[in-house]
**Q** 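Here it is, the structure in full.
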Amino acid sequence: MISYGPLNEGHWTLLQKVDQSVLFEDARKIGAWTIWTFLIALVLGWMLSYRLSDTIRRPLLQLSRLMAVDGSTSAGSGTEDVTANLGSSPRSIASPATSSAKGSDGPAPVIFNPKDEVGQIGERFLHMMQKNHELYGQVYEALLSRKQAEFRALQAQINPHFLYNTLESLKGMALANGQRDMAEVIGAFGKCFRISLSYGREQISLGQEVEHVSAYVKVQQFRFRNSFEWICEVEEDICEFYVPKLILQPLVENAIYHGLKGRTDRGYIMLSGAKEGDALRLTVSDDGDGIGAERLDDIRKSLEAERGSAIGFGLRNVHERLRHYGPQYGLSVTSESGQYTSVTLLAPLRTE
């Protein structure tokens, strides 16, 4: 690049020659610095944005894995493992990816940050997943119990039919030989089996239930040589209502074995029944030894306990079956040591 200009003296012209490389050297340096600064800023910005987006992407991926785990366990695979990994904390769970990465050291829990929105969603999903597996376990146990109950019911249905037919044959033989008392006891015993079967029905009329417990008492009177008197005062107008079957026999059995057994004098067992509002009130009373205050308190607590108790198993079974219809139904026990024991049963009025 050449520039020139005249001088004021001597008629001279001044020429100036400058190399372009020297002239644009600063511009090239500024351009290079600008490009490098842009590239560095671009890399740092990408790393920073990746880091920031990872804080959102990672919880979403964890949540996605959890959904995949929940989907696979819902299909029936790995339920026990996932349920075990849930543990007592609702904030962590082991995922398949972390499990394979940890190898033999055990699965690593997925932890959500409860301070961000995705973390809150993840925590709620963990809580929901834990409840889901708890419900799955309860449903599985219920189905298993149902299958076992059906199998036991099938066995119980085969054996009583055989016994009932055999008892009818024995009753006929006793009548043929003139043993009417023996025939009467065998007939009562067979009636117990017949009503117990009830063609597989769970609900029978109160009249049939009273007939069943009266036949049971007749067998027990024969066994204990008429050491107690049976009094039945159930109003006829309530005998058509339906009740769960076998709710009176355990009460009478308790009265015989815990109230009157071992007595030298004659005892009394009384069954009374009447309609009370929109419910049936049935009471089994005996004049036996009664129940001590401490024992009576234990029996009452066992009736209201959430889990089964070894105390009063028969009473608790009847109580729970009646509570199925509502909390106002069930059993109540009153007793005075050395005088009496009364068990009152409250059942709903059901016409079918």
Side-chain angles (χ1 to χ4, degrees), residues 135 138-139 141-142 145-146 149 153 195-196 198 200-214 216-217 231-259 269-288 290-337 339-352:
L135 291 174
Q138 293 174 5
V139 171
E141 291 178 0
S145 299
R146 179 179 175 182
I195 299 178
S196 296
S198 302
R201 295 193 303 267
E202 292 297 328
Q203 306 280 333
I204 60 176
S205 67
L206 179 59
Q208 289 177 306
E209 181 67 15
V210 173
E211 185 181 3
H212 172 267
V213 74
S214 298
Y216 171 78
V217 168
I231 304 172
C232 182
E233 295 184 353
V234 178
E235 297 179 2
E236 293 185 2
D237 58 344
I238 66 172
C239 289
E240 298 301 321
F241 292 106
Y242 281 79
V243 295
K245 68 179 179 182
L246 303 181
I247 58 173
L248 293 177
Q249 184 268 336
L251 311 187
V252 175
E253 183 179 0
N254 279 347
I256 295 174
Y257 284 93
H258 300 292
I269 299 178
M270 178 177 179
L271 169 64
S272 60
K275 181 179 177 182
E276 185 176 285
D278 57 350
L280 293 174
R281 178 177 291 273
L282 304 170
T283 302
V284 176
S285 305
D286 67 81
D287 62 343
I291 305 174
E294 184 177 352
R295 176 73 175 180
L296 181 60
D297 185 58
D298 292 338
I299 292 175
R300 288 170 175 170
K301 288 180 179 178
S302 70
L303 292 178
E304 301 300 329
E306 293 183 359
R307 296 185 177 180
S309 174
I311 300 175
F313 175 78
L315 297 179
R316 179 178 172 82
N317 178 271
V318 175
H319 183 71
E320 289 181 347
R321 291 165 63 196
L322 293 173
R323 278 297 177 94
H324 171 74
Y325 300 104
Q328 69 271 29
Y329 304 112
L331 299 182
S332 60
V333 184
T334 58
S335 181
E336 192 168 335
S337 183
Q339 295 190 24
Y340 75 93
T341 299
S342 291
V343 181
T344 300
L345 180 155
L346 203 63
L349 287 176
R350 297 173 63 87
T351 57
E352 59 180 17

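Scope of the values below: all heavy atoms of this structure, side chains included, with no hydrogens, waters or symmetry mates.
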**Q** Output, in order, the C-alpha distance, side-chain angles, deciding distance and verdict of side-chain contact (heavy atoms from CB on, under 4.5 Å) for Thr334 and Thr344.
**A** CA-CA 8 Å; Thr334 58; Thr344 300; 5.6 Å; no
**Q** Answer yes when Glu320 and Arg316 have at least one side-chain N-carboxylate O distance shorter than 4.0 Å, and no when they do not.
**A**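 Salt bridge present between Glu320 and Arg316.
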**Q** Measure the CD-NZ distance between Glu202 and Lys245 for me, rounded to the nearest 0.5 Å.
**A**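 If I round to the nearest 0.5 Å, the distance is 5.5 Å.
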**Q** Not counting sequence neighbours, which residues clear side-chain contact (heavy atoms from CB on, under 4.5 Å) with Phe241? List them please.
**A**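 Residues passing side-chain contact (heavy atoms from CB on, under 4.5 Å) with Phe241: Ile238, Leu280, Leu349, Thr351.
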**Q** Please check if the side chain of His319 supplies one atom and the backbone of Gly330 the other of a donor-acceptor pair under 3.5 Å.
**A**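 The answer is no, because no donor-acceptor pair under 3.5 Å joins these two groups.
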**Q** When rounded to the nearest 0.5 angstrom, what distance separates SG in Cys239 from CD in Glu209?
**A**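 Taking SG in Cys239 and CD in Glu209, the distance rounds to 11.5 Å.
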**Q** Can you list everything that forms a side-chain contact (heavy atoms from CB on, under 4.5 Å) with Lys301? Sequence neighbours excluded, please.
**A**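 Lys301 satisfies side-chain contact (heavy atoms from CB on, under 4.5 Å) with Asp297 only.
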**Q** Do Leu296 and Val333 come close enough that some side-chain heavy atom pair is under 4.5 Å?
**A**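 Contact flag for Leu296/Val333 side chains = yes.
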**Q** Counting only N and O atoms by type, is there a donor-acceptor contact under 3.5 Å from the side chain of Gln249 to the main-chain atoms of Leu246?
**A**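 Judged by distance alone, no pair lies under 3.5 Å.
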**Q** Should Leu322 and Leu346 be marked as a side-chain contact (heavy atoms from CB on, under 4.5 Å) after you check the CA-CA gap, both sets of side-chain angles, and the distance that decides it?
**A** CA-CA 8 Å; Leu322 293 173; Leu346 203 63; over 6 Å; no
**Q** Nearest 0.5 angstrom please: Ser285 OG to Leu251 CG, how far?
**A**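 Nearest 0.5 Å value for the OG-CG distance: 10.5 Å.
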**Q** Mind checking the CG-OG1 spacing from Leu331 to Thr283? Nearest 0.5 Å is all I need.
**A**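 The OG1 atom of Thr283 is 10.5 Å from CG of Leu331, to the nearest 0.5 Å.
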**Q** Check whether any side-chain heavy atom of Leu248 lies under 4.5 Å from a side-chain heavy atom of His212, and answer yes or no.
**A**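 Side chain of Leu248 against side chain of His212, heavy atoms only: no contact under 4.5 Å found.
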**Q** Which atoms form the tightest heavy-atom contact between Tyr325 and Pro348, and what is the distance?
**A**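 Taking every non-hydrogen atom into account, CG-CG, 3.6 Å.
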**Q** For Glu294, does the CD atom sit with more than 12 other heavy atoms under 6.0 Å from it, leaving out its own atoms?
**A**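 Counting neighbours around CD of Glu294, 12 or fewer heavy atoms of other residues, nucleotides or ligands fall under 6.0 Å, so no.
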**Q** With a 3.5 Å cut-off and sequence neighbours excluded, list the donor-acceptor pairs that the side chains of residues 270-278 form with protein atoms.
**A**
| from | atom 1 | to | atom 2 | distance (Å) |
| --- | --- | --- | --- | --- |
| Glu276 | OE1 | Arg281 | NE | 2.6 |
| Glu276 | OE2 | Arg281 | NE | 3.1 |
| Glu276 | OE2 | Arg281 | NH2 | 2.8 |

**Q** For the residue pair Asn254 and Val343, establish whether any side-chain heavy-atom pair is separated by less than 4.5 Å.
**A**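 No, their side chains stay 4.5 Å or more apart.
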